[in-house]
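Below: the structure, in structure tokens.
Order of the sequence lines sets the chain letters (A, B, ...), proteins ahead of strands, with each chain counted from 1. Every heavy atom of this structure was used, including side-chain atoms; hydrogens, water molecules and symmetry mates were not.
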Amino acid sequence: MELNRLTAHQLLELIKVNSIESQEIISFLEKRIKEIDNKLNAYVRKDRTVDVKSEENTEGFLKGIPISIKDNICTKWLPTECCSKILEGFLPPYDATVIEKLKSYGAKIFPLKTNMDEFAFGSSTENSYFGPTHNPWNLECVAGGSSGGSAAAVASDEAIFALGTDTGGSIRQPASFCGVVGLKPTYGRVSRYGLIAFASSLDVIGPITKDVYDSALLLNIIAGYDPRDSTSVNIEVPDYLKALNLDIKGIKIGIPKEYFVEGLDKQVKESLDEAISVFKKLGAECREVYLPHTEYAVAVYYIIATAEASSNLARFDGIQYGYRIKQKNLISLYKKTRGQGFGQEAKRRIILGTFTLAHGYYEAYYLRALKVRTLIKNDFDEVFKEVDCLVTPTSPTPAFKIGEKIRDPLKMYLSDIFTISANLAGIPAISIPCGFTKNNLPIGLQILSSPFNEEMVLRVAYNFEQNTVWHKIKPKL
Amino acid sequence: MVKSKSNSITIKTVNYIANLARIELKEKELKIFVKQLKKIIDYINKLKELDVSDIPPSSHILKLKNVLREDNLKESLPIKEVLKNAPEKKENFFVVPKIIE
């Protein structure tokens, strides 16, 4: 049996009856990566010889099942470079909290990191210093981004499951483009300690998995309060797997009118309509709802996210780690190191963020954006008084061609139009497969719920998944 | 302060901002950025349609309070390990160019 094709929960079932060593699963993954990753580029630094002292316990709950980690989450003494030249060779001297937790549960941290847009700046993984990740369903298309490497690796059985990060859709959109499950938890549900920050009021770590069960299983492990992250929230973590046992009879699903407008691909719309009829068949009540400030979300996001990024990325200056261009003068060391160490999109965002925070512009842009953010959050608060969750397309289109949007940043930014609001409002959201286009590209649907109601999101997703076949179909590579 | 209007981003504005952000841009990059930023800023000006005078800002979505901890002595990362990543180091220090003449 090809162990790399299984989910974590399938492997756990198997391990109950057969003894499977962690190394056996890893060998299958390595073989698969060797076979196909020159086409996909889901992993980075594949030529690196791995020399890590195994300090993991493989006796814990996860029995040594390997998990793949995005390149912006700190893994002790394993390269963590945010796919940026400026962090070239960076070896974190500590583990992120999520990595500590995974290790304590007996997970094996897969030694190769997954590809991403540099510092998570992008929606296609084309902004990676290591080159783009290709979509497993069509190599000419993007895998989505910024967690494109994690999504492509999971979709193509180069990984059992993976962690991604989501600031404006970076887990959900690549999951949708690659036909896998991506969950963005509530802001504050999962510790950000050891996640290299992009936009601190929006960033969340979450699972990218082959099915909803694995998503719940992984969230059970990574969720929870962490005193080292002052924005992590100290409320009890439920057993998310329990939520999967419940049906969705009588659940009220809102369909936001603003998400079904011009620009929505016809095939995506048809697929969503079909999905809605599945929810109805399962006994859910579907009704139209309104999120009137949706059209402002992208503008708000690109002000707040770039402002926070410009401040967070000030630390990359060639002094303590990473790339440095030696100069006699400190200021020119900073300027040359940053000018040459950052890629185009990183520089563009730092400049845009610095601009909106600059004296004379702060009120017109940054402060105004924070106020509109309140309006967007209020829209959701209102709507969740009426319904239990929302169902929308994850992305207005299926995966686009590599190179199609890279020269037009605004066009690229607009591809996140359906995912951004969840980050601005901090709410949980999942993307699950719900069909394919005529050209055999996956389509994803998104389920959103109120803060800390991951149980609702997972429950509705699981009911849909178990009554459809989409998650079982794999790309031919 | 920059004098030019927001929707008339010039090479001078971008140069000024890049200097604040300590990023050296090539002439070619500057020109592309001016063009792209103009377009992006035109788009984000969309927010001006809304009257937000009575709306409070949300810098955060959680009801967060300042988190304080006990001031206890705790081990930090070993200096030797932290310095492993330094592009240039000497003994227990990061080496930087001379700052004070």
Distance (rounded to the nearest 0.5 Å) between [X] [atom1] and [Y] [atom2]:
X: A/Tyr413; Y: B/Tyr43; atom1: OH; atom2: OH; answer: 12.0 Å
X: B/Leu77; Y: A/Tyr94; atom1: CG; atom2: OH; answer: 8.0 Å
X: A/Ile350; Y: B/Ile23; atom1: CD1; atom2: CD1; answer: 4.0 Å
X: B/Ser53; Y: A/Arg368; atom1: OG; atom2: CZ; answer: 8.5 Å
X: B/Leu25; Y: A/Arg348; atom1: CG; atom2: CZ; answer: 11.0 Å

Count the heavy-atom pairs under 4.5 Å between each of [options] and chain B, then report the option with the highest count.
options: A/Lys377, A/Arg407, A/His293, A/Arg338; result: A/Arg338
options: A/Glu295, A/Glu308, A/Gln327; result: A/Glu295
options: A/Lys347, A/Lys328, A/Lys326; result: A/Lys347
options: A/Ile351, A/Ile304, A/Val300, A/Thr186; result: A/Ile351

Tell me the closest heavy-atom pair linking [X] and [Y], and the distance in Å.
X: B/Pro87; Y: A/Gly322; answer: CG-O, 3.7 Å
X: B/Asn85; Y: A/Pro93; answer: ND2-CD, 4.2 Å
X: B/Pro57; Y: A/Thr374; answer: C-OG1, 3.5 Å
X: B/Lys48; Y: A/Tyr365; answer: NZ-OH, 3.8 Å
X: A/Ala358; Y: B/Ile17; answer: CB-CD1, 4.2 Å
X: A/Pro409; Y: B/Ile40; answer: CB-CD1, 4.2 Å

Region of [X] in contact with chain B, defined by heavy-atom distances below 4.5 Å:
X: A/Tyr366; value: neither
X: A/Asn378; value: neither
X: A/Ser230; value: both
X: A/Ala314; value: neither
X: A/Phe452; value: side chain
X: A/Leu414; value: side chain

- Query: Can B/Ile41 and A/Leu352 be said to form a side-chain contact (heavy atoms from CB on, under 4.5 Å), step by step?
  - Reply: CA-CA 9 Å; B/Ile41 287 163; A/Leu352 180 59; 4.0 Å; yes

- Message: For B/Ile61 and A/Arg373: C-alpha separation, side-chain torsions, deciding distance, then whether side-chain contact (heavy atoms from CB on, under 4.5 Å) applies.
- Response: CA-CA 9 Å; B/Ile61 50 92; A/Arg373 185 180 189 177; 3.8 Å; yes

Should [X] and [Y] count as side-chain neighbours, where that means a heavy-atom distance under 4.5 Å?
X: A/Asn329; Y: B/Pro97; answer: no
X: B/Lys84; Y: A/Trp77; answer: yes
X: B/Arg22; Y: A/Ile331; answer: yes

- For B/Phe93, does the CZ atom have more than 12 heavy-atom neighbours from other residues, nucleotides or ligands under 6.0 Å away?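 For B/Phe93, atom CZ is not crowded (no more than 12 foreign heavy atoms under 6.0 Å).
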
- Message: Between B/Lys89, B/Lys26, B/Glu88, B/Lys39, who has the most heavy-atom pairs with chain A when the cutoff is under 4.5 Å?
- Response: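 Between B/Lys89, B/Lys26, B/Glu88, B/Lys39, the count favours B/Glu88.
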
- Task: Go through the atoms of B/Glu81 and report whether side chain, backbone, both or neither lie under 4.5 Å from a heavy atom of chain A.
- Result: both

- Query: Non-hydrogen atoms of chain A under 4.5 Å away: do they reach the side chain of B/Leu62, the backbone, both or neither?
  - Reply: side chain

- Task: Would you please test A/Leu333 and B/Val96 for side-chain contact (heavy atoms from CB on, under 4.5 Å) and show each step?
- Result: CA-CA 9 Å; A/Leu333 183 152; B/Val96 295; over 6 Å; no

- Could you walk me through whether B/Leu47 and A/Ile303 pass the side-chain contact (heavy atoms from CB on, under 4.5 Å) check? CA-CA 10 Å; B/Leu47 297 187; A/Ile303 294 171; 3.7 Å; yes

- When you check the side-chain N and O atoms of B/Glu49 and A/Tyr296, is any donor under 3.5 Å from an acceptor?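 Present: a donor and an acceptor within the cut-off.
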
